[in-house]
Each structure stands twice: as structure tokens, then as C-alpha cells.
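I have placed the structure first, in the form of C-alpha cells, so that the comments after it can refer back to it.
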Protein chains: 2
Amino acid sequence: MTDTAPQRRARPRTKRPPTILDVAAHAGVSRGTVSRVLQGGHNVSPASQEAVHAAIRKLGYVVNRAARSLVTQRAGSVAFLLSEPQERFFEDPNFTTLLRGCTTALAEHDLPLILITAGTEAERRRIAPFLSAHHVDGVLLVSSHRGNPMIDHLRQANLPFVCCGKPLGERDAVSYVAANDREGARAMVRYLLESGRKRVATIAGPRDTPGGLERLDGYREMLTEHGIAFDKRLVAVGDYSRASGEACMQQLLTKAPDVDAVFVASDLMADGALAAIERAGLRVPDDIAVGGFDDSPVATAARPPLTTIRQPWNRISEMMVRQLLAQIDGEGPATVILPTELVVRESA
Amino acid sequence: MTDTAPQRRARPRTKRPPTILDVAAHAGVSRGTVSRVLQGGHNVSPASQEAVHAAIRKLGYVVNRAARSLVTQRAGSVAFLLSEPQERFFEDPNFTTLLRGCTTALAEHDLPLILITAGTEAERRRIAPFLSAHHVDGVLLVSSHRGNPMIDHLRQANLPFVCCGKPLGERDAVSYVAANDREGARAMVRYLLESGRKRVATIAGPRDTPGGLERLDGYREMLTEHGIAFDKRLVAVGDYSRASGEACMQQLLTKAPDVDAVFVASDLMADGALAAIERAGLRVPDDIAVGGFDDSPVATAARPPLTTIRQPWNRISEMMVRQLLAQIDGEGPATVILPTELVVRESA
DNA sequence: ATCACTACTGTGAACGTGCACAGTCCAGCA
DNA sequence: TGCTGGACTGTGCACGTTCACAGTAGTGAT
């Protein structure tokens, strides 16, 4: 999106769709009145309103968004900006769930969602002018890693945005919506301990992501509350991918063979952990209990199905959209933390 | 998207971005010359071109897409229209792979991708005016089921579109891009037979999808070519979901306990089949060989990893975009069939 | 009767761009 | 010298909408 590139040649102007002027003529009123009806019908007589609506129906009139944008200085659309390496996004069912939620939430406000990926620095440079030029009214930003340059860019472009998950390393106020990672982790570890497990390990997420930090914190907190000393041999750090979950589990089994439970910071990694445990000839949950995080489709597909922490994706996407619209309407940034829920299945 | 709904209130007009007029003034030329440079620079002196480019860089000028759309009668964007039940889409990694490919392919042409879901009849009615009004220049249509009303609607709206996979039950010419399902199925069944398997079953896709039909045809063909009579007890029909794969496999094991191989029409179903086989106390591939289809991320994550048929998603998305752009430029519909590839892993 | 106020309606002026057209300049040629 | 054609440039108009403003009619209070 260099945004100085030319557009393809104009399409021939055959059978043009009806304009607001056609509607006005049909309804026997003026442009202005039709426009007012379109805006909600304030200060328009019921008779005129009905006439306009009838004309709209009869002609199949649809407002021209380009013309409207031109005068309102609004794009009338919102970007879903994915500032993560693409592979990770498209492998992770959480993201697609989020994308789905945002699409439907925006649809209710008649706002098209523009999907933009910017995993690499080159891509970010490419889309920068697109965003600066306000070709969208706001951005739903998915980017969990610390210090994403996109945030500065958006702020500088004065473009409203809402992050999914708390952005790390930001000094100024930033709007974000997140699940309560720490509380979720605490709930899972509490459950494992109260099920009688003694040596509870964890596979954490990357240290530069909020999920990686907060879920690990929750794990440590709950151990402490149960009077258990923290043992760093029981901690492995993955990158949320299935492969890393498998590698971490293998590592844990080597360093701490007596482990009898593991809290994994994502379902995808937990599924990988299951594979490692199986290969080691151990059984789940008999020998080792496995607790995941997310309650993504992976959790139900895993064998055995994963006991996990549900992230309320529907509400997350809903709130992200709501916050974004509020910001577009001039409100300041806000923070929303949503509760999680323990889902018990067979793995723990 | 009723598309008669009002837009939110206009944003205050502070600090307006530079227009083509500002660029012209800075470069010491007229609007027209700047416009010509933007369109490729034909009939513009090198000196003027350089001056314009310098002004653009200096001012950070970005073309106003709304204004351009208004005059060119072009939206400057393309829709990715998902006319499937949403759950299926977002569970199936194939679709997300396709979405990713289309996003990047379109990005190279500076075309934003607008994601639209229309799984239900109500949603279809909602987006119809949006499409009829040409708020996008074309549509990448994902809809495998027979007789999708969206196709008629798009044709009637005179909106270019390209389907992913051959749309069934269409009498007139429709642009589509698909992998060679039949050939892929043949390759897999040939591989199974040549590996020494004698009783090769299949789990097919729904009969109202091209993949369901053609892959089953390929299966039958290859059996015939090997002088094996078709046995309907060896055929089960699923719906591409993991759960249905599991159920179908269970059913096959009951009806034909001597089965020693199964060709499954999707990786997701194959993963389900693995679960059923495991529960039956059988081993893969020792007792039963399992062949999948797609080579989606599921294939490598499965235990054991799936031998499967790779669909060339990158090329599919690339060709879909290319065909769509060609149609937008006035060319007629075209059909592209791409070859598949056998990927041997551990399940067969 | 006059005034003020409200409810409603029409009109002109943008918004920023691309395109068609007209115009200028200069080189090449008869 | 005058003519022709090509290269380059500037200008008016149109695209379809919203917004601010002005204007009209009707109502109730004085």
C-alpha cells in the first residue's frame, strides 16, 4: 500500500445506480431532506420520511460511501491489524476466533472490516501511509510483543486503536481489552494443587508477551499461597507454538522426572506437551495432569481433551469494537479486563 | 450492512492532510500534472516528474481514496466473502491459509481486503446492498456448497467474482480456481494400494461439495484401475469436521473390520479418524494406513503425522487474485485447475 | 396584530480527485 | 516561411454526498 500507486482504469459508466437526487425526485422532496432521513430523520415530517423511504425501497438506493467519506472525512471502515508474524497468527485458533468476533461485532455497526497483516518491518512501512491517511477510522490491533512500533505510529497518526491484550512497555495510556491472565493461571494451578498434585510445572509463554508474564506470575503466586517453594527447574518457556510445547515438555521431563502436573500457557503448546508425554510412555492424566489455557478448538480436539482456562473471546472482540467506536467518537482510552473460567475436561 | 444507515458524526477538521493541490503548488505545476504523475507519469517531463515526487515526499502526500473512488467509479478494494457457516470456516485451517494468501496477494496490488461473512440467509440479505452498490470492485468467494444464492446475486449485480473450488450446479460459466481433486485422490489411493494395502476404505466429503464428489470419484477410479470391485461398505460420508471423521471411522470399523487403509477427504477428518482407530485399539500405520487430504497444519500436528495430498494454497490464492483482477479489467471468466502433490509422512 | 419560536424544507458550497479538452511550445519538414 | 504533429501542461467539469445557512409556514403568547 504505497498509496501513491495509480488505480486501474475507470470502469465504463453504464447503468449508474440511483443517487440521492433520484430519490429526492421520486419522493418529491429535496436532496437535503433525503440526507436528513438517511441521518436519522430529525426535523423531517413523518409524511416526508415515509415518502423518502418508499423511494429508497423502490429505486433500491444505496448510499455512495465514497461521496460520503469525501465530505465527512470519515472512511467508514475499520482495520483489523495483525502485527505478528503471519505463521503464528494463522496457526493459532485464538486469533481466528477473535477475527470472527470482530467481524460480526463490526457488521452490526455497518462497518466493513479491512484485514491488514504487518508481520515484518517491510510490511509495516508499506501500510503506514495507508493508516496515516486515515483510510480507516480506527484499528483493532493484535500485537502482543513488547515495544511494537505500530503503536507509536498509530498514536502519531492520531488514529484511534484498541489492542487485544495489554501492550507491554507502553508508558502512556493505551486502550486495551484483555482476559484476566493472572487470575486464570491462579485458578488452574489451584485446581491442580487441590486435585492432589505435588510437583506442578509450567510451560510459560514468551517473556515479552503479557500472557507469558502474567500467567507465570499467577502460577508462582498460587504456589506461594500453598506454601510451595518456587523451583526454577519446573519452568520452561515456549513461544505459544505446538512445537515449542513439545520441546518444553521434553525438557521438563528430563530436568524434573518427578513432575506430576503441568500448567501450560496455551492450548496449542499443551497439545504439543501431550505428544511429548505420550512419547515418553506416560499417561495423561494418570501420570501427569495437563492444564491448558485459552479453550480454543484445539482443547476439545486434543486427546485427551484439555482441561483449560476459557478466554471469553466473544466478549473480548465485542468490547474491543465497543471501545474503538467510543474512541472514534472522541472518548479517551480505556482498559477492560474480563474474567476467565476454568473448564474441566479429561487431561487434569 | 443496510447501507442506508447514517455515519457517525464527522470528525473535526483540524490539520487536514495535504491534497493534490498542495503538491502541485509545491512542485510548481498544476493539479493535472500531479495527477498524471500519480497515474504513471506518461506525457510528463522528467523535470516535472522529479519535482512532483519530491513534493509528495516532502509533504507526505497520500492520495485520497474516497475522492478517487468517487470519480473513477471504483471502490479500490476487494471482498473476501465467506459464504459458509462460520464455525466451519474458522475451525478449518485451510480457509485461514487461503485468507492469508489472498491478503498478501492483494496487498501487492495495493488493494485492501474486506472480510465479509455471510453464513446465514439473514447475513446474506444484509450484505447484498453493499455488494450491489459496488462498494468493492470484486469478490473472492469461498462457498463450496451446491447452489449458493450468492453467485446469482453477484452475477446480477454485475460484480466480478472468483470462486475457490468449482461451484456445483452452475449452468453458466463461472470463474474458479481449484486443486485437481480427482488426480489428488487417485495419487493417494494408488500410493496406498502400491504399499500393499488390500482393503482401502474412504471417508468422503459431503455430496454437495466438489471435493466430496471428485475425491470419491478418484478413489473409485483408482480401485477400478487396479481391478478391485467397488464395495459400498468401504465408503462413509462426513462433513469435513473432525467429529464427523471420528464417527465415520468408527462406522467403517464396524461395517468392515478387515479394513487396512483409509483415504480421508480432509486432514481434519483424518485426525478424527486417528482418534477412532486409537480408541479401537489399533495402530497407525501398522494395522490401518491413513491418508489425508489438504496438507493443512493439522497434518503435521496429528499423531502420527499424516501422509496427505498437498493443496497448493499459495498458488490457489495467487491465481484467484490474478483472475479476479483480470475480470475487473474486463476479461471473461476463466477456470484454473492446479496440480496437487503427495506428501508422505508416518500415517501411511 | 405582532412577535418569537419551532418545525420543517430547499440551496449553495464544499470535499479531493480523474478525465476530457484546449492550449502552448518546439522540432521537423516541405 | 508556414504547416504539422508530438510532447507537455493547465483548466473546467463531474463524481454524490453532507453541512451550514436561509427561508417558509404555522403556533402560541403578548
Side-chain angles (χ1 to χ4, degrees), chain A residues 3-25 27-52 56 59 61-76 133-135, chain B residues 3-25 27-52 56 59 61-76 133-135:
Chain A
D3 263 289
T4 50
Q7 200 168 24
R8 317 180 81 83
R9 73 164 181 275
R11 88 180 144 95
R13 311 197 167 175
T14 62
K15 283 287 257 175
R16 281 227 235 94
T19 75
I20 201 173
L21 225 51
D22 299 319
V23 174
V29 297
S30 73
R31 267 182 311 131
T33 301
V34 177
S35 178
R36 272 185 289 266
V37 171
L38 256 34
Q39 307 302 317
H42 303 299
N43 287 352
V44 178
S45 73
S48 296
Q49 292 209 35
E50 189 35 55
V52 168
I56 286 175
L59 299 176
Y61 169 78
V62 177
V63 72
N64 182 320
R65 294 176 95 102
R68 172 182 277 179
S69 286
L70 190 57
V71 54
T72 59
Q73 307 285 79
R74 290 261 189 150
H134 282 251
H135 286 330
Chain B
D3 262 291
T4 50
Q7 201 166 27
R8 317 179 82 84
R9 74 164 182 275
R11 90 180 142 93
R13 312 197 167 176
T14 62
K15 283 289 256 176
R16 282 229 234 92
T19 75
I20 202 173
L21 223 52
D22 299 319
V23 174
V29 297
S30 73
R31 272 184 309 128
T33 300
V34 177
S35 178
R36 271 184 289 267
V37 171
L38 255 34
Q39 306 303 317
H42 302 298
N43 287 351
V44 178
S45 73
S48 296
Q49 291 209 36
E50 189 35 55
V52 168
I56 286 176
L59 299 176
Y61 168 77
V62 177
V63 73
N64 183 321
R65 295 177 94 102
R68 172 182 277 179
S69 285
L70 190 57
V71 56
T72 59
Q73 308 283 81
R74 291 259 188 152
H134 282 250
H135 285 330

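Reminder, nothing fancy here: chain letters follow the sequence lines and each chain counts from 1.
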Practice prompt. Please report the shortest heavy-atom distance between B:Y61 and B:I20, naming the atom on each side.
Written response: CE1-N, 3.5 Å

Item to complete: Please report, rounded to the nearest Å, how far the C1' atom of C:dG16 is from the CG atom of A:N64.
Response: 14 Å

Worksheet item: Whole-Å distance between D:dA14 P and B:Q73 CD?
Response: 14 Å

Item to complete: Return the minimal non-hydrogen interatomic distance between A:V63 and A:R68, and the atom names on each side.
Response: CG2-NH2, 3.7 Å

Practice prompt. Return the value, rounded to whole Å, for the distance between atom NE2 of B:H135 and atom P of D:dG16.
Written response: 12 Å

Worksheet entry | Rounded distance in Å - CG (A:L70) to C1' (C:dC15) | 4 Å

Practice prompt. May I ask you to test the B:Q73-A:R16 pair for a side-chain heavy-atom distance under 4.5 Å?
Written response: yes

Side-chain polar contacts of residues 27-36 of chain B - donor-acceptor pairs under 3.5 angstrom, sequence neighbours left out - could you list them?
from: B:S30; atom 1: OG; to: B:G32; atom 2: N; distance (Å): 3.4

Discussion item. Over the length of the helix from C:dA1-D:dT30 to C:dA30-D:dT1, how much do the five-pair end axes diverge, rounded to 10 degrees?
Written reply: 50°

Practice prompt. Please determine if a side-chain N or O atom of B:Q39 lies less than 4.0 Å away from the OP1 or OP2 oxygen of C:dG18.
Written response: yes

Worksheet item: To the nearest angstrom, how far is B:R31 atom CZ from D:dC15 atom P?
Response: 16 Å

Worksheet item: Residues two or more places apart in sequence or in another chain: which of them pass side-chain hydrogen bond (donor to acceptor under 3.5 Å, both in side chains) with A:S48?
Response: A:S45

Discussion item. Assuming nearest nucleotide by heavy-atom distance, tell me which of B:A67 and B:G28 is located more 5' along DNA chain D.
Written reply: B:G28

Worksheet, complete the sentence: A:A66 and B:S69 have their tightest heavy-atom pair at CB-CB, 3.6 Å

Fill in: Spacing between B:R16 atom CZ and C:dC15 atom C1', to the nearest angstrom
7 Å

Discussion item. Output the rounded distance in Å from CD1 (A:I20) to C1' (D:dT18).
Written reply: 8 Å

Discussion item. Please give me the minimum heavy-atom distance between B:R65 and B:G76, naming the atom from each residue.
Written reply: NH2-O, 3.3 Å

Fill in: Partners passing side-chain contact (heavy atoms from CB on, under 4.5 Å) against B:D22 (at least two apart in sequence or in another chain)
B:P18, B:T19, B:L59

Practice prompt. Side chain of B:R68 only, please: which of D:dT18, C:dG18, C:dG16 is the nearest?
Written response: C:dG18

Using a cutoff of under 3.5 Å, can you pull out all pairs of nitrogen or oxygen atoms linking the protein to nucleotides 5-9 of chain D, with atom names and distances?
from: D:dT9; atom 1: OP1; to: B:S45; atom 2: OG; distance (Å): 3.0
from: D:dT9; atom 1: OP1; to: B:S48; atom 2: OG; distance (Å): 2.4
from: D:dT9; atom 1: OP2; to: B:S45; atom 2: N; distance (Å): 3.0

Worksheet item: Within less than 4.0 Å of OP1 or OP2 of D:dC15, is there a side-chain N or O belonging to B:R74?
Response: no

Discussion item. Restricting to side-chain hydrogen bond (donor to acceptor under 3.5 Å, both in side chains), what partner residues turn up for B:Q49, sequence neighbours left out?
Written reply: none

Worksheet, complete the sentence: A:L21 atom CG is separated from D:dT17 atom P, nearest whole Å, by 9 Å

